[in-house]
Structure formats: C-alpha cells, structure tokens
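Just so we're clear, the structure is a prediction, and the values are computed from it rather than from any experiment. No hydrogens, no waters, no symmetry mates; every other heavy atom, side chains included, goes into these values.
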Amino acid sequence: QVQLVESGGGLVQAGGSLRLSCAASGRTFSSYIMGWFRQAPGKEREFVAAIWWNSGRTSYADSVKGRFTISRDNAKNTVYLQMNSLKPEDTAVYYCAATQGPWLRVDMFHYWGQGTQVTVSS
C-alpha cells in the first residue's frame with residue numbers, strides 16, 4: 001500500500017522559511033516523478049515543483065522559482081521542499097504526490113498525501 005506522508009507545515013511570517021517533508025513508502029519510487037502541489041481556499045490545486053527520482057531533474061512553477069527547492073534523500077525515501085522568502089500568497093495546503101509521468105498535470109498523479117497547511121502572515 002502506497003503511503004505519502006507530509007510534515008513540516010506551520011505558521012511563518014513573510015520572508016521566513018519552512019521545509020516540508022514527504023515520506024514515501026509501499027513501493028519502489030525510483031521510476032517515479034515526485035511532485036509538490038498546493039491548494040488555497042477557493043482555488044484549484046496547482047503545481048509547485050517536481051523531481052525525477054532517478055535523475056534528480058527538477059521542475060518549478062514560475063511563481064516559486066528562485067525561492068523553493070525540491071530535493072530527495074534516496075536512503076530515507078523522502079522528498080523535501082525547502083521554501084524560502086515566503087509570501088502571504090504562498091498560504092495553502094501543500095500536497096506531496098507521485099506519478100510515473102510523463103506529464104506534470106494534477107490528473108497524472110495517482111498517489112497523494114493528506115496535505116500539510118502552510119500559513120504565511122504579512
């Protein structure tokens with residue numbers, strides 16, 4: 001049974017940092033793309049960042065480029081999202097997800113975590 005468990009969310013002031021973690025279990029993810037998405041109240045779920053587990057290749061939404069960094073730890077089967085220079089508009093529930101690709105669309109991701117709340121105060 002595949003499980004993705006996020007942690008690390010919380011309340012932070014604008015300009016601050018948070019690191020989200022996603023612990024993956026239940027299968028071998030070496031052929032998967034791991035993604036982070038977020039959903040703010042009243043808005044659709046949107047792509048934030050992705051990492052190809054095998055190669056380490058990364059992709060980012062324009063809104064987070066230069067501020068967020070996605071990475072993975074193979075030994076711990078964990079994916080991270082380091083978020084710096086946070087803005088109030090980054091406030092959302094952040095979800096970890098996994099897909100075998102090839103596209104980074106929400107509907108292509110078959111496995112999802114339960115989400116973790118990130119709130120950025122101004």
Side-chain angles (χ1 to χ4, degrees):
Q1 181 181 356
V2 173
Q3 274 198 314
L4 302 176
V5 180
E6 302 100 332
S7 61
L11 173 63
V12 64
Q13 287 190 330
S17 299
L18 281 174
R19 189 177 80 155
L20 305 183
S21 299
C22 171
S25 62
R27 71 182 312 131
T28 301
F29 288 91
S30 57
S31 64
Y32 278 71
I33 305 167
M34 305 299 293
W36 285 98
F37 290 78
R38 66 187 182 187
Q39 188 165 20
K43 294 189 176 181
E44 293 189 353
R45 193 167 297 190
E46 65 174 3
F47 169 76
V48 174
I51 186 166
W52 278 250
W53 201 288
N54 253 347
S55 67
R57 173 191 170 192
T58 58
S59 179
Y60 296 92
D62 287 344
S63 59
V64 306
K65 275 181 186 174
R67 300 189 298 124
F68 291 10
T69 303
I70 189 171
S71 61
R72 86 262 193 249
D73 184 326
N74 290 340
K76 295 182 179 180
N77 238 28
T78 298
V79 177
Y80 302 99
L81 184 68
Q82 178 66 44
M83 305 185 295
N84 298 329
S85 302
L86 282 161
K87 305 174 182 180
E89 51 263 44
D90 294 318
T91 295
V93 177
Y94 283 70
Y95 297 91
C96 175
T99 181
Q100 289 188 296
W103 312 115
L104 300 180
R105 296 196 318 254
V106 171
D107 62 336
M108 293 294 294
F109 283 77
H110 306 298
Y111 302 110
W112 292 86
Q114 81 288 352
T116 186
Q117 176 70 46
V118 171
T119 303
V120 184
S121 63
S122 56

Could you grab the distance from atom [atom1] of [X] to atom [atom2] of [Y], nearest 0.5 Å is fine?
X    : Y    : atom1 : atom2 : value
E89  : S122 : CD    : OG    : 10.0 Å
M34  : N77  : CE    : CG    : 8.0 Å
T78  : L20  : OG1   : CG    : 12.5 Å
M83  : Y94  : CE    : OH    : 5.5 Å
T99  : Y32  : OG1   : OH    : 8.0 Å
Q100 : S31  : CD    : OG    : 4.5 Å

Candidate pair Q117 and T91, rule side chain to side chain contact (heavy atoms under 4.5 Å, CB included), full reasoning:
CA-CA 8 Å; Q117 176 70 46; T91 295; 4.0 Å; yes
Verdict with reasoning, S30 to N54, per side chain to side chain donor-acceptor pair (under 3.5 Å):
CA-CA 5 Å; S30 57; N54 253 347; 4.6 Å; no
Identify whether F68 and V106 are in the same connected component of the hydrophobic contact network (ILVMFWY, side-chain heavy atoms under 4.5 Å).
no
Cluster question for you: counting only ILVMFWY and a side-chain heavy-atom cut-off of under 4.5 Å, with indirect links fine, are W112 and V93 together?
yes
Between [X] and [Y], what is the shortest heavy-atom contact and its length?
X   : Y    : answer
V12 : L86  : CG1-CD1, 3.6 Å
A98 : L4   : N-CD1, 3.9 Å
E6  : G115 : OE1-N, 2.9 Å
I33 : W52  : CD1-NE1, 3.4 Å
A24 : F29  : CB-CE1, 3.6 Å
R67 : S85  : NH1-O, 3.0 Å

[Y] and [X], any side-chain heavy atoms less than 4.5 Å apart:
X   : Y   : result
Q39 : Y95 : yes
V64 : R38 : yes
W36 : I51 : no

Kindly say whether G66 contributes a backbone atom to a donor-acceptor pair with the side chain of Y60 at under 3.5 angstrom?
no
How far apart are the C-alpha atoms of F109 and F37, what are their side-chain angles, what is the distance that settles it, and do they pass the ring-ring contact (aromatic ring centres under 6.0 Å, His included) test?
CA-CA 10 Å; F109 283 77; F37 290 78; 4.8 Å; yes
If you apply the rule side chain to side chain contact (heavy atoms under 4.5 Å, CB included), what do you find for Y80 with T69, and how did you get there?
CA-CA 8 Å; Y80 302 99; T69 303; over 6 Å; no
Under-4.0 Å salt bridge between K87 and D90:
no
